[in-house]
Structures are given as structure tokens and as C-alpha cells.
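Quick notes on the structure that follows.
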Amino acid sequence: MIGCNTIDPLLQVRAGEDYTMVITRRALENTKAQGFDAVEYSHALHWNEEEIAQVRDMTEEIGLVPWSLHAWVGGDVMTAEGASGTQQSLRHAGKVALGLGVGRVVHHTDGSALSGDGRERLKREAEVIRAAWQPGFRYALENMSTLAHMEYVVALVEELGPEIAGICIDSGHANLGDLGAPRALRMAGERLITTHLHDNHGTRDEHLPPGDADIAWEAVAEAIKEINYQGCLMLELTDQPSEERRAAGVVGEIARGAGKAQWLAERAF
């Protein structure tokens with residue numbers, strides 16, 4: 001399967017609650033029209049139970065697989081307030097995920113390295129995530145740009161165990177530091193449960209379609225094949241483009257992304 005995060009072709013997203021039912025349907029229909037099989041819900045945490053049920057039904061009607069949900073949460077787990085807030089937010093994201101029928105909740109970790117207080121932070125973060133988890137989905141912990149952070153993510157997933165957590169490899173983040181997307185994928189190995197595939201020029205998180213910038217996608221395909229990943233190749237393109245990019249055509253970016261995702265699938269699977 002290939003997939004993409006929810007991107008409405010007309011909406012200029014300003015906040016996390018922009019996605020009404022009308023806009024969400026339009027975004028999902030465009031995702032299907034561009035040739036994707038699956039979807040990640042990028043802005044879903046504001047929906048009530050009735051709206052969640054509506055989105056689940058419309059996703060099935062349109063013919064997309066509900067693959068993942070982005071939690072967009074995280075706080076300082078070393079403080080009581082931060083740990084409590086993160087746990088509550090993750091539990092809410094899990095409830096939304098279960099309602100939508102997705103099996104993965106993407107989460108950015110608090111810790112960034114195993115050095116310093118990293119080991120203690122990892123233990124605290126594992127406690128928070130474990131307490132928030134509910135059967136029916138897994139947290140997909142996402143890498144940032146450094147090798148040190150990837151080592152932290154791997155260690156945290158090992159601490160939590162495969163029932164609770166796996167890894168989401170974000171190719172764009174990996175391209176901004178000393179990690180690199182192919183190495184990130186190999187480090188994730190059998191722990192990989194989803195992806196955020198997008199491109200950039202190595203200086204900022206542009207969320208361009210794969211193939212539009214500097215990432216070596218042949219090497220990415222080789223790494224995916226090497227670790228025998230069999231899940232969805234999920235893209236994470238921008239739903240907050242500049243006015244210049246909006247004028248140039250976000251729909252075209254989504255279409256190029258679909259084409260490159262299919263190209264990757266043909267080489268990796």
C-alpha cells in the first residue's frame with residue numbers, strides 16, 4: 001500500500017481544528033483520486049464521537065484504508081504536569097484512533113538522547129506511554145534528525161515492547177542532521193510500523209514530495225527492502241504550504257508524491 005496524510009487541496013490550514021466534515025471528505029476524495037490506498041489523519045483530535053464515526057464511514061465509502069493518526073502531543077515527562085498532560089493527550093489520541101479504526105498513533109518523544117538524564121527520562125517516558133496505551137493500536141515513535149535521537153527511540157521502543165510501540169521513520173527529519181533516512185530505516189529494522197516519507201534540501205523541514213529535493217531514494221528503497229518492511233509507505237506532505245506553493249499547485253505535489261511512492265513500492269517490495 002501507499003498512503004498520504006490528509007491534505008485538502010483548497011484549505012490553507014491555520015490551526016488543528018480546520019478539518020470539518022466537509023473539508024475532510026474533500027481531502028479524502030482527493031487522496032483516493034491521486035492513487036493512494038491509505039490515509040493518515042493529521043488533524044483529528046478535535047472531532048467528537050459522532051464526527052469520528054462519520055469520518056470512519058466516509059473513509060470506508062471512499063475506499064481508503066485508515067492507517068494511522070498523528071497525535072501532535074508531547075511534554076516534559078520529568079515534571080508532574082508535563083507527564084500528566086502527555087498521558088492525557090496520548091490517551092485521547094488513542095481513543096480517537098480506536099474510533100477511526102487505525103492501528104498506529106504517531107508520537108514525538110520527549111527525550112532526545114540517552115546521554116545526560118536520557119536514561120531516566122526514557123524510564124519516565126515509558127511509564128507515561130504505557131499508562132496511556134489501550135489494546136487495539138500501537139504508538140509509532142518518530143525519529144528526529146540526529147543519530148542520538150534515533151538511538152533513544154530504539155531504546156524506548158525496546159523498553160515498551162512490540163505490543164505497545166514501534167517506530168515511524170520520518171525521512172525528512174533524518175535528512176536534516178547526521179542520521180540519514182537509509183540508516184534510520186536500518187536501525188528501525190523489524191520495529192518499523194509506519195513511515196513519514198517526504199523530501200527536503202537538508203536545511204529545513206519542507207515536506208516536499210519524494211524526489212523533489214536531495215534525499216537519495218534509491219538508497220531508501222534498498223533499505224526498506226533489506227529490512228523486509230511490509231507495511232504502508234505513508235507520505236507526510238505539507239498541508240501548510242506557502243502562498244507561492246499553493247499557487248503552483250498542491251494537487252500536483254500530491255500527484256508527484258503518489259507516483260514516487262508507487263516507484264518506491266515497486267523497488268522495495
Side-chain angles (χ1 to χ4, degrees), residues 1-9 11 13 15-74 86-108 129-142 160 162-170 192-198 230-240 254 257-258 261:
M1 290 190 296
I2 61 172
C4 191
N5 58 309
T6 45
I7 305 174
D8 181 72
L11 175 69
V13 174
E17 299 183 3
D18 292 313
Y19 276 79
T20 64
M21 296 299 96
V22 171
I23 290 171
T24 298
R25 173 175 284 277
R26 193 168 64 199
L28 293 174
E29 288 176 342
N30 182 63
T31 300
K32 181 67 176 180
Q34 297 299 337
F36 290 103
D37 308 301
V39 63
E40 174 171 291
Y41 302 100
S42 302
H43 302 285
L45 300 182
H46 63 289
W47 293 333
N48 59 37
E49 290 185 6
E50 181 181 346
E51 289 170 329
I52 290 168
Q54 287 181 43
V55 173
R56 184 168 184 165
D57 288 346
M58 74 172 69
T59 303
E60 182 178 2
E61 174 196 336
I62 291 166
L64 290 168
V65 174
W67 181 258
S68 53
L69 166 75
H70 207 311
W72 297 108
V73 297
T86 298
Q87 182 178 320
Q88 290 176 21
S89 296
L90 282 176
R91 180 166 285 277
H92 175 66
K95 181 180 178 181
V96 175
L98 291 171
L100 291 169
V102 308
R104 299 143 203 88
V105 174
V106 180
H107 174 54
H108 293 194
I129 293 172
R130 193 176 289 113
W133 177 73
Q134 304 161 69
F137 69 91
R138 287 186 286 174
Y139 291 110
L141 307 186
E142 183 174 338
L160 289 165
E163 183 180 24
I164 295 176
I167 293 175
C168 171
I169 290 301
D170 187 301
L192 184 67
I193 61 173
T194 192
T195 63
H196 276 174
L197 301 177
H198 52 101
Q230 296 296 310
C232 180
L233 295 178
M234 180 62 66
L235 306 190
E236 189 191 28
L237 305 184
T238 184
D239 58 9
Q240 296 181 304
I254 299 170

Working to the nearest 0.5 angstrom, can you tell me the gap between [X] [atom1] and [Y] [atom2]?
X      : Y      : atom1 : atom2 : answer
Cys4   : Leu28  : SG    : CG    : 11.0 Å
Ile169 : Leu197 : CD1   : CG    : 10.0 Å
Arg26  : Thr31  : CZ    : OG1   : 12.0 Å
Ile167 : Thr195 : CD1   : OG1   : 13.0 Å

Can you name the residues that form a side-chain hydrogen bond (donor to acceptor under 3.5 Å, both in side chains) with Asp37, not counting sequence neighbours? none
May I ask you to test the [X]-[Y] pair for a side-chain heavy-atom distance under 4.5 Å?
X      : Y     : result
Asn30  : Gln34 : yes
Glu236 : His70 : yes
Phe137 : Leu98 : yes

Is there a donor-acceptor contact under 3.5 Å from the side chain of [X] to the main chain of [Y]?
X      : Y      : result
Thr194 : Cys168 : no
Tyr19  : Asp8   : yes
Tyr139 : Leu90  : yes
His198 : Gly257 : no
His92  : Leu45  : yes
Glu51  : Asn48  : yes

Counterpart residues, side chain to side chain contact (heavy atoms under 4.5 Å, CB included), relative to [X] (two or more places apart):
X      : value
Arg91  : Ala132, Gln134
Ser89  : Val73
Arg138 : Ile193

Considering all heavy atoms, the nearest [X]-[Y] contact:
X      : Y      : value
Ala44  : Leu100 : CB-CD1, 4.2 Å
His107 : Gly74  : CE1-CA, 4.2 Å
Met234 : Ser68  : CE-OG, 4.1 Å
Ala38  : Leu64  : N-CD2, 3.9 Å
Val105 : Ala71  : CG1-CB, 3.7 Å

Over 60° means perpendicular and under 30° means parallel, so classify the ring planes of Trp47 and Tyr41, tilted if in between. perpendicular
For Glu50, does the CD atom have more than 12 heavy-atom neighbours from other residues, nucleotides or ligands under 6.0 Å away?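 For Glu50, atom CD is not crowded (no more than 12 foreign heavy atoms under 6.0 Å).
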Electrostatic pair Arg25:Glu29 at N-O distance under 4.0 angstrom: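 Looking at Glu29 together with Arg25, the answer is yes, because their closest N to O distance falls below 4.0 Å.
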Run the side chain to side chain contact (heavy atoms under 4.5 Å, CB included) test on Glu40 and His196 for me, step by step, so that the C-alpha distance in whole Å, both residues' side-chain angles and the decisive distance to 0.1 Å come before the verdict. CA-CA 10 Å; Glu40 174 171 291; His196 276 174; 2.8 Å; yes
What's the verdict on side chain to side chain contact (heavy atoms under 4.5 Å, CB included) for Val39 and Thr6, showing C-alpha distance, side-chain angles and the deciding distance? CA-CA 7 Å; Val39 63; Thr6 45; 3.5 Å; yes
Applying salt bridge (charged side-chain N to carboxylate O under 4.0 Å, His left out) to Glu142 and not counting sequence neighbours gives none
What residues, two or more places apart in sequence or in another chain, satisfy salt bridge (charged side-chain N to carboxylate O under 4.0 Å, His left out) together with Glu49? Lys95
I would like to know whether Asn5 and Leu237 meet side chain to side chain contact (heavy atoms under 4.5 Å, CB included); could you show each step before the answer? CA-CA 7 Å; Asn5 58 309; Leu237 305 184; 4.2 Å; yes
Give the intermediate values and the outcome of side chain to side chain contact (heavy atoms under 4.5 Å, CB included) for residues Leu160 and Leu141. CA-CA 11 Å; Leu160 289 165; Leu141 307 186; 4.2 Å; yes
